[in-house]
Colleague: 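Handing you this structure, nothing more for now.
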Amino acid sequence: MSTKPTERFHPDRLRKLEELEAAGVDAYPVASPEARRPTAEVRAEVEALDVPPGERSEAEAVVAGRVMARRGFGKLAFLDVEDQSGRLQVCVQKGAVPAEDFALLERLDLGDQVAACGVLGRTKVGEPTLFATGFTLLAKSLLPPPEKFHGLTDPELRARRRYVDLFANPEVREAFLKRADLVQAVRSTLLDHRYVEVETPVLHPIYGGAFARPFVTRHHALDMELYLRIAPELYLKRLLVGGIERVFEFARVFRNEGLSPRHNPEFTMLEFYEAYGDVRTMMDRTEEVVVAAADAVGLERDSEGRRVARFRGADYVLEPPFPRVRWADAFRERVGVDPTDRDAVRPLLERAGIEAAGDEGLPWWKAVNDLFEAEVEPHLAGPVFVTDYPAAICPLAKPTPGDPTWAERFEFFLGGMELANAFSELNDPRLQLARFEEQVASRDPEAPSAIDWDYVRALAYGMPPAGGCGLGVDRLAMVLLGRDNIREVLLFPHLRPE
RNA sequence: GGGGGCAUAACUCAGUUGGUAGAGUAGCUGGCUUUUAACCAGUAAGUCGCAGGUUCGAGUCCUGCUGCCCUCACCA
């Protein structure tokens with residue numbers, strides 16, 4: 001916390017608190033919420049009562065919330081009381097409330113939590129209002145809220161003090177509530193398909209399921225290093241072996257890499273697996289999940305009734321089926337040569353400054369894929385499924401039947417970002433072991449440091465053919481909520497220590 | 001890590017060619033029984049991010065540092 005004394009506790013507010021307590025007021029009482037109703041509900045009731053301006057009904061209500069604005073007139077004050085549902089004006093009049101309740105106004109500050117009971121009506125100008133017959137303090141605020149018109153705008157402060165951002169900027173609260181709706185809609189979609197939601201370990205003895213540098217931690221009692229998971233994939237597929245046929249997890253994963261408007265060291269990945277399905281099943285599911293998420297956040301529609309996401313100044317139409325293009329075709333169209341034509345590709349790698357180690361296997365295809373990412377991906381606005389990736393860079397995917405150069409995989413692009421990645425899951429334990437050995441031999445710091453023998457053993461017991469998909473929930477929320485920066489969809493994004 | 005930008009009151013922001021630090025909101029004092037960015041009068045509030053330098057004089061110019069934002073690199 002800042003060393004500025006005024007930031008610890010505001011002196012004027014502290015003084016008022018002490019004066020209140022000297023007068024016998026409990027500034028932090030225990031609440032008894034039975035009768036309390038959301039302000040939006042009470043406001044709606046006033047509308048329904050059809051009270052003329054300047055009149056009061058006989059209906060009574062109790063509300064509670066934070067004082068967001070105050071307009072005082074000596075013997076009368078209007079307070080805007082805000083709770084999660086919205087705002088309601090409360091009118092506190094001398095004589096209408098007990099004298100000690102009215103006296104609270106003198107030591108009331110913006111930001112204080114209060115409760116009021118009274119009768120419902122409208123003021124002369126028609127504003128729905130609770131005319132208080134009782135008024136109490138629920139919690140004294142010792143720091144001033146941000147300026148009431150502009151709110152809190154500094155992006156760092158907004159993220160550091162999200163609790164302030166949330167109450168001072170209604171559209172921020174709205175965005176995070178919509179994100180919650182989005183997650184719930186995705187969950188419902190999978191549950192409707194008889195998927196089972198599970199939780200798998202976050203601490204992994206061997207990291208795998210993705211290429212990424214891990215965070216390392218230490219278990220003292222076992223005297224061993226553990227890694228925070230970079231993906232839940234290998235555990236979820238063990239469950240397929242165990243006979244849980246449709247399984248998903250909203251997995252917080254951790255990648256020890258740089259921060260950017262699209263990257264946070266910890267983020268939420270939805271992974272879902274379906275036995276007796278394949279990569280095409282996953283395309284159907286992905287379309288369904290994206291549409292459900294879009295509807296959950298109330299995505300706008302164009303004149304033809306199509307769902308349209310506005311993101312970074314561009315429009316994205318989200319109506320299945322989403323376009324699909326083969327990786328090799330996208331490569332050929334953009335780069336001008338066939339990706340399997342080594343002699344044609346090699347000079348292009350050199351020109352792009354990509355080091356092409358060897359001329360086959362993982363290192364070669366990783367280099368070619370680097371070229372794909374540099375030349376092709378920036379043009380993949382989406383929504384689009386890119387399919388049939390080089391098998392060498394897909395160690396967990398099943399090769400295309402009859403053509404082992406390619407793998408049964410797609411990546412889904414939307415808003416210029418990679419949003420999802422799916423395979424027909426590799427279930428041949430011999431081939432899986434060979435792929436692991438190739439990865440470990442590559443000595444790539446992002447590749448696993450050791451072979452996950454237990455995973456190979458699980459496959460050896462027989463894993464049903466299956467489709468699997470990993471989807472970046474934060475990025476989906478970015479596109480659907482029109483937020484440019486991943487920080488805007490994370491309640492508490494990673495920040496340097498204050 | 002490279003490049004560019006920003007840092008002034010609790011909050012949102014001005015600050016001219018280098019010449020005594022400004023406004024609105026919030027606060028404080030007083031007034032007001034129908035306002036809703038309430039209003040009226042008065043008042044207090046700043047180590048101009050930090051450290052150096054140039055200068056008679058620096059919020060302003062220069063250098064370094066710190067933090068943040070954008071961008072490139074990185075990130076399957």
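By convention in this document, chain letters (A, B, ...) are assigned in the order of the sequence lines, proteins followed by strands, and residues within each chain are numbered from 1.
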Colleague: Please determine if a side-chain N or O atom of A:Arg70 lies less than 4.0 Å away from the OP1 or OP2 oxygen of B:G27.
Modeller: yes

Colleague: Once you round it to whole Å, what is the distance between C1' of B:C28 and CG of A:Asp109?
Modeller: 11 Å

Colleague: Between A:Glu287 and A:Arg324, is there a side-chain N and carboxylate O pair less than 4.0 Å apart?
Modeller: yes

Colleague: Of all the choices, B:C68, B:C11, B:C13, which nucleotide is nearest to the side chain of A:Arg160 once you look at every atom?
Modeller: B:C68

Colleague: What nucleic acid atoms does A:Gln93 come within less than 4.0 Å of, heavy atoms only: base, sugar-phosphate, or nothing?
Modeller: base

Colleague: Using a distance-only criterion (donor-acceptor N/O pair, under 3.5 Å, no hydrogens), is the base of B:G24 paired with the side chain of A:Glu147?
Modeller: yes

Colleague: Nearest whole angstrom, please: distance from the P of B:U33 to the CG of A:Leu105.
Modeller: 14 Å

Colleague: Going by purine N1 to pyrimidine N3 plus the second Watson-Crick contact, or the G-U wobble pair, all under 3.5 Å, which nucleotide sits opposite B:G67?
Modeller: B:C6

Colleague: With a 4.0 Å cutoff (strictly under), does any side-chain N or O of A:Lys148 reach OP1 or OP2 of B:A26?
Modeller: yes

Colleague: Looking at B:C11, B:U35, B:G27, which one has an atom nearest to any side-chain atom of A:Leu152?
Modeller: B:C11

Colleague: Write down the distance between CG (A:Asn485) and P (B:U71), rounded to a whole number of angstrom.
Modeller: 9 Å

Colleague: Which nucleotide, B:A38, B:C28, B:C13, lies nearest any side-chain atom of A:Thr153?
Modeller: B:C13

Colleague: Regarding A:Arg66 and the six-membered ring of A:Phe167, is the cationic atom NZ or CZ under 6.0 Å from the ring centre and inside 45° of its axis?
Modeller: yes

Colleague: Rounded to whole angstroms, how far apart are CG on A:Asn169 and P on B:C11?
Modeller: 14 Å

Colleague: Counting any heavy atom closer than 4.0 Å, what does A:Arg158 reach on the DNA or RNA strands: base, sugar-phosphate only, or nothing?
Modeller: nothing

Colleague: When you measure from the side chain of A:Thr123, which nucleotide among B:G67, B:U34, B:U12 comes out closest?
Modeller: B:U34

Colleague: Measure from the side-chain heavy atoms of A:Pro155 and tell me the nearest of B:U34, B:A10, B:C69.
Modeller: B:C69

Colleague: Output the single nucleotide from B:C70, B:U12, B:U35 whose closest atom is nearest the side chain of A:Arg487.
Modeller: B:C70

Colleague: For a quick check of understanding: with a heavy-atom distance under 4.0 Å over all strands, which category does A:Arg312 fall into, base, sugar-phosphate or nothing?
Modeller: nothing

Colleague: Measure from CG on A:Asp370 to C1' on B:A73 and round the result to the nearest Å.
Modeller: 13 Å

Colleague: Side chain of A:Glu127 only, heavy atoms from C-beta on: which candidate in B:C70, B:C11, B:U36 is closest?
Modeller: B:U36

Colleague: Side-chain donor-acceptor pair under 3.5 Å between A:Asp403 and A:Thr400, yes or no?
Modeller: no

Colleague: Could you check whether A:Pro145 gets within reach of a base, just the sugar-phosphate, or nothing at all, counting any heavy atom under 4.0 Å?
Modeller: nothing

Colleague: Students often get this wrong, so: under 4.0 angstrom with heavy atoms, is A:Gly126 touching a base, only sugar-phosphate, or nothing?
Modeller: nothing

Colleague: Step through the shown structure and confirm whether more than 12 heavy atoms of other residues, nucleotides or ligands are within 6.0 Å of CD on A:Glu58.
Modeller: no

Colleague: Output the single nucleotide from B:C70, B:U12, B:A38 whose closest atom is nearest the side chain of A:Pro261.
Modeller: B:C70

Colleague: Would you please indicate if the ring centroids of A:Phe272 and A:Phe248 are separated by under 6.0 Å?
Modeller: no

Colleague: For A:Arg213, answer base if it contacts any base atom (sugar-phosphate contacts may also be present), sugar-phosphate if it contacts only those atoms, and nothing otherwise; contact means non-hydrogen atoms under 4.0 Å.
Modeller: nothing

Colleague: I'd like to know whether the aromatic ring centres of A:Phe412 and A:Phe322 sit less than 6.0 Å apart in this structure.
Modeller: yes

Colleague: Nearest whole angstrom, please: distance from the C1' of B:C11 to the CG of A:Leu143.
Modeller: 12 Å

Colleague: Just how far, in rounded Å, is C1' of B:A10 from CG of A:Leu110?
Modeller: 12 Å

Colleague: Using a cut-off of 4.0 Å on non-hydrogen atoms, how would the nucleic acid contact of A:Lys366 be classed: base, sugar-phosphate, or nothing?
Modeller: nothing

Colleague: Using atom C1' of each nucleotide, how far apart are B:G31 and B:A21 to the nearest Å?
Modeller: 31 Å

Colleague: On a whole-Å scale, what distance lies between the C1' atoms belonging to B:U36 and B:G49?
Modeller: 38 Å

Colleague: When you measure from the centre of the six-membered ring of A:Phe176, is the NZ or CZ of A:Arg179 closer than 6.0 Å and no more than 45° off the axis?
Modeller: no

Colleague: Determine the Euclidean distance between corresponding C1' atoms of B:U55 and B:U66; express it in Å to zero decimal places.
Modeller: 26 Å

Colleague: What is the nucleic acid contact for A:Gly151, judged by heavy atoms within less than 4.0 Å: base, sugar-phosphate only, or nothing?
Modeller: sugar-phosphate

Colleague: Measuring from the side chain of A:Glu156 (C-beta onward, heavy atoms only), which nucleotide among B:U35, B:C68, B:C28 has the closest atom?
Modeller: B:C68

Colleague: Need one value for A:Arg122: base, sugar-phosphate or nothing, where a base atom within 4.0 Å counts as base even if backbone is also close, heavy atoms only.
Modeller: nothing

Colleague: Measure from the side chain of A:Asp12, starting at C-beta and using heavy atoms only, and say which of B:G27, B:C68, B:A37 lies closest.
Modeller: B:G27

Colleague: Counting the atoms with a prime plus P, OP1 and OP2 as sugar-phosphate, which does A:Ala77 contact under 4.0 Å by heavy atoms, base, sugar-phosphate, or nothing?
Modeller: nothing

Colleague: Taking any heavy-atom pair under 4.0 Å as a contact, classify A:Asp154: base, sugar-phosphate, or nothing.
Modeller: sugar-phosphate

Colleague: Take atom C1' in B:A41 and the same atom in B:C56, then report the distance between them in whole Å.
Modeller: 43 Å

Colleague: Nearest whole Å is fine: how far is B:C70 C1' from A:Leu259 CG?
Modeller: 15 Å

Colleague: Does the side chain of A:Tyr455 come within less than 4.5 Å of A:Ile206's, by heavy atoms?
Modeller: no

Colleague: Distance between the C1' atoms of B:A10 and B:A38, in whole angstroms?
Modeller: 22 Å

